[in-house]
Amino acid sequence: MIKIQILSESVDERGGTIQRGDRKGETYHIRNQEGYVHNGHAFPERFQIALGERPAYPVGMYYLDPATVQVGDYDKIEIGRSLLLLTEDQAAAYLREQLPASLLAKVTESSVKPVKSAQAA
């Protein structure tokens with residue numbers, strides 16, 4: 001699962017009136033929170049989470065909810081605009097539900113076995 005880190009509960013809010021196009025004159029209100037995605041690079045990358053009217057996520061580590069992944073235009077996988085995050089407990093419960101028992105047993109076994117260092121081998 002993709003790990004997301006929230007370092008602050010502050011929310012960037014913007015709003016106003018649409019000035020052009022078919023929706024001219026309509027009001028808009030945008031609320032974003034800053035997050036950091038741990039995607040295998042040397043450092044996490046900063047990005048914006050569109051909150052809509054949802055409350056800000058508390059400071060902590062989260063995992064990307066698989067419900068956020070969707071099939072978009074041209075049958076390509078993409079992340080939806082409404083990002084949903086799972087706490088560690090929610091992510092663990094999801095994995096217990098979704099993973100086959102044989103794979104879950106392997107994951108559980110490997111997490112409790114001590115790892116031998118290269119020097120000890």
Side-chain angles (χ1 to χ4, degrees):
M1 295 185 100
I2 298 172
K3 188 168 29 174
I4 308 285
Q5 187 172 17
I6 303 295
L7 297 176
S8 170
E9 290 184 38
S10 67
V11 174
D12 177 31
E13 295 192 50
R14 286 179 272 151
T17 304
I18 298 172
Q19 300 298 314
R20 308 180 207 145
D22 295 339
R23 297 180 55 201
K24 182 177 180 175
E26 289 183 33
T27 59
Y28 68 93
H29 183 222
I30 299 170
R31 297 176 65 247
N32 292 318
Q33 183 176 12
E34 187 174 87
Y36 292 83
V37 61
H38 294 256
N39 56 4
H41 297 157
F43 299 100
E45 294 186 61
R46 187 178 73 79
F47 74 104
Q48 296 294 313
I49 300 169
L51 293 172
E53 295 305 316
R54 292 176 293 155
Y57 287 99
V59 171
M61 289 297 243
Y62 296 87
Y63 296 86
L64 184 64
D65 187 333
T68 301
V69 177
Q70 62 189 30
V71 176
D73 294 341
Y74 310 106
D75 298 326
K76 304 288 185 204
I77 289 181
E78 59 186 32
I79 303 295
R81 289 184 74 177
S82 182
L83 193 72
L84 301 172
L85 303 180
L86 301 173
T87 63
E88 186 173 286
D89 289 341
Q90 291 169 326
Y94 174 84
L95 290 174
R96 279 193 297 275
E97 271 181 25
Q98 299 298 316
L99 290 178
S102 59
L103 182 57
L104 190 58
K106 287 180 185 178
V107 171
T108 305
E109 286 173 11
S110 68
S111 66
V112 292
K113 286 184 181 178
V115 177
K116 294 181 182 178
S117 69
Q119 293 175 340

If you measure from the Lys or Arg side-chain nitrogens to the Asp or Glu carboxylate oxygens, is any gap between E53 and R31 under 4.0 Å?
no
Set out, in order, the CA-CA distance, both residues' side-chain angles and the distance that settles side chain to side chain contact (heavy atoms under 4.5 Å, CB included) for D12 and E34, then state yes or no.
CA-CA 8 Å; D12 177 31; E34 187 174 87; over 6 Å; no
Do V59 and L51 sit in one hydrophobic cluster, given that two such residues count as connected whenever their side-chain heavy atoms are within less than 4.5 Å of each other, even indirectly?
no
Over 12 foreign heavy atoms within 6.0 Å of CZ, R54
yes
Walk me through it: do Q5 and H38 pass the test side chain to side chain contact (heavy atoms under 4.5 Å, CB included)?
CA-CA 8 Å; Q5 187 172 17; H38 294 256; 3.0 Å; yes
Does some side-chain heavy atom of M61 sit less than 4.5 Å from a side-chain heavy atom of E88?
no
Of all heavy-atom pairs between Y63 and T87, which one has the smallest distance, and what is that distance?
CD1-O, 4.4 Å
Side chain T68, main chain L84, donor-acceptor under 3.5 Å
yes
Single-linkage hydrophobic cluster V11~L7, side-chain heavy atoms < 4.5 angstrom:
no
Kindly say whether Q33 contributes a backbone atom to a donor-acceptor pair with the side chain of E9 at under 3.5 angstrom?
no
Between E78 and D73 the two heavy atoms that sit nearest each other are OE1-N, 4.4 Å
Check: I4 and F47 side chains under 4.5 Å, non-hydrogen atoms:
yes
Heavy atoms, side chains only, cut-off 4.5 Å: are L86 and P66 in contact?
yes
Within this structure, what is the OH-CD1 distance for the pair Y36 and I6, rounded to the nearest 0.5 Å?
9.5 Å
Quick one: pull up NZ in K3 and CG in N39 and give me the separation to the nearest 0.5 Å.
11.5 Å
Within 6.0 angstrom of Q48 CD, more than 12 heavy atoms from elsewhere
yes
Closest non-hydrogen atom pair between Y57 and L85, with its separation
OH-N, 3.2 Å
Which atom of M1 lies closest to which atom of L64, heavy atoms considered:
CE-O, 3.7 Å
Taking every non-hydrogen atom, the tightest pair across I49 and G35
CD1-CA, 4.4 Å
Is there a path of hydrophobic side-chain contacts, each under 4.5 Å between heavy atoms of I/L/V/M/F/W/Y residues, joining I2 to I77?
yes
If hydrophobic clusters are built by linking Ile, Leu, Val, Met, Phe, Trp and Tyr wherever their side-chain heavy atoms come under 4.5 Å apart, do Y94 and V69 end up in the same one?
no
